[in-house]
Amino acid sequence: MFKKWIEDIRTKTQDMDKAQKREYIITYYWYHMLIICILLFITGLVIYHLLWGSRKIVFSLAIINQEVNYDRDKKIMENFSKAYGIKSKNISVDSNYLLSYGDITLDENSRVSDSLFEKFFFGWNEGAIDAVIMPESFFKYCTSKDGKFIGTVVLCTGMKPKEMEEYFYKYNGEYMGIYINKTNIADNFIHNDKDPLILVFLDNSSHITECMEFAEFVFRD
């Protein structure tokens, strides 16, 4: 089709100068050029979707009330990806969660804090978040709002009782999280002994295998 158009233009403009050829093409072939542009645009969309747009998240980690640090987030994502053969584009690590809750106020701009608050709980409710690194105080806040978590013993089946006592966070008699300061990713975070960081896994996660792998990953050398 394109070859036929080009030959037709050559035949009809062979005796014209450049200005006349340009005017003739714009006048009589504008719709051909529009069709070409549309086809190129569609082709570009298809290529983008195949190469970058098809991103199925199989593990999502949220980090609460730490420095928003995309380099750190990327490092955790890539290390986890390499350790378990999961494509990095299928992993999400997001520290853009600076939240005010209860007696904790981090942001004077409440509108920004509220939007991040809604972002987190909407993602939780929709099953878009699998695991969270959060302060103990936020864990207790979530449980007071009927937030449900997976018991850590379910995910870390190879842990011995003594190891559980040292590494696991216990709440109401159950091991419900992993102390971040006891893991190999501890150096990436700011710690507060009065409000320790814990890694927890959300009860509505549909990626249990990946949750088990991440729980194992944080203890790998």
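Everything quoted here is computed from the prediction, not taken from an experiment.
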| said: Determine whether S81 and K87 satisfy the following criterion, side-chain contact (heavy atoms from CB on, under 4.5 Å), listing intermediate values before the conclusion. | reply: CA-CA 6 Å; S81 169; K87 292 181 180 180; 5.6 Å; no
| said: Apply side-chain contact (heavy atoms from CB on, under 4.5 Å) to residues T143 and M176 and explain how you reach the verdict. | reply: CA-CA 11 Å; T143 56; M176 299 303 297; over 6 Å; no
Are [X] and [Y] close enough that their ring centers fall under 6.0 Å?
| X | Y | answer |
| --- | --- | --- |
| Y169 | Y175 | no |
| F139 | Y171 | yes |
| F120 | F138 | yes |

Does any non-hydrogen side-chain atom of [Y] lie less than 4.5 Å from one of [X]?
| X | Y | answer |
| --- | --- | --- |
| I150 | I208 | yes |
| K56 | K89 | no |
| M164 | T152 | no |
| C156 | F168 | yes |
| D73 | I63 | yes |
| N65 | M134 | no |
| K74 | V93 | no |
| N204 | K148 | no |

| query | Within 45° of the ring axis of Y97 and under 6.0 Å from its six-membered ring centre, is that where the NZ or CZ of K119 lies? | reply | yes
Backbone N or O of [Y] within a donor-acceptor pair of the [X] side chain at under 3.5 Å?
| X | Y | value |
| --- | --- | --- |
| D195 | P135 | no |
| R220 | N184 | no |
| N90 | V58 | no |
| H191 | A186 | yes |
| S205 | L202 | no |

| field | From CA spacing to verdict: ring-ring contact (aromatic ring centres under 6.0 Å, His included), W124, F149 | value | CA-CA 11 Å; W124 185 343; F149 302 86; 5.4 Å; yes
| message | Are I104 and F121 connected into the same hydrophobic cluster when the rule is that any two of I, L, V, M, F, W, Y join if their side-chain heavy atoms are below 4.5 Å apart? | response |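 The answer is yes; both residues are in one hydrophobic cluster.
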| message | Do F122 and Y141 land in one hydrophobic cluster if side-chain heavy atoms of ILVMFWY residues count as linked below 4.5 Å? | response |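 No.
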| request: Identify the residue among V132, L199, I91 that makes a side-chain contact (heavy atoms from CB on, under 4.5 Å) with L61. | output: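 Of the listed options, the one satisfying the test is L199.
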When rounded to the nearest 0.5 angstrom, what is the spacing between [atom1] in [X] and [atom2] in [Y]?
| X | Y | atom1 | atom2 | answer |
| --- | --- | --- | --- | --- |
| I133 | T183 | CD1 | OG1 | 7.0 Å |
| N188 | D71 | CG | CG | 11.0 Å |
| N69 | I190 | CG | CD1 | 9.5 Å |
| S137 | I64 | OG | CD1 | 11.0 Å |
| L155 | I178 | CG | CD1 | 7.5 Å |
| K182 | I198 | NZ | CD1 | 14.5 Å |

| task | Begin with the C-alpha distance, continue with both residues' side-chain angles, and end with the deciding distance and a verdict on salt bridge (charged side-chain N to carboxylate O under 4.0 Å, His left out) for E78 and K82. | result | CA-CA 6 Å; E78 290 181 344; K82 291 176 183 177; 5.3 Å; no
| field | Selection residues 202-221 - residue pairs positive for ring-ring contact (aromatic ring centres under 6.0 Å, His included), sequence neighbours left out | value |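 For residues 202-221: F59-F214, F80-F214, F80-F217, Y167-F219, F214-F217.
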| remark: Residues A215 and F201: closest non-hydrogen pair is CB-CZ, 3.9 Å
| note | All heavy atoms of N96 vs all of D94, minimum pair found to be N-OD1, 2.9 Å
| said: Determine whether K170 and E165 satisfy the following criterion, salt bridge (charged side-chain N to carboxylate O under 4.0 Å, His left out), listing intermediate values before the conclusion. | reply: CA-CA 8 Å; K170 184 179 283 188; E165 286 291 339; 3.6 Å; yes
| Evaluation steps, side-chain contact (heavy atoms from CB on, under 4.5 Å), between E136 and K194 | CA-CA 9 Å; E136 178 189 13; K194 295 181 180 179; over 6 Å; no
| Can S60 and D130 be counted as having a side-chain donor-acceptor contact under 3.5 angstrom? |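 On atom types as modelled, these side chains do not qualify, holding no pair under 3.5 Å.
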| request: Please test M77 against S88 for side-chain contact (heavy atoms from CB on, under 4.5 Å), starting from the C-alpha separation and ending with a verdict. | output: CA-CA 6 Å; M77 177 185 71; S88 59; 4.2 Å; yes
| Looking at residues at least two apart in the chain, or sitting in another chain, which of them share a side-chain hydrogen bond (donor to acceptor under 3.5 Å, both in side chains) with Y84? | E216
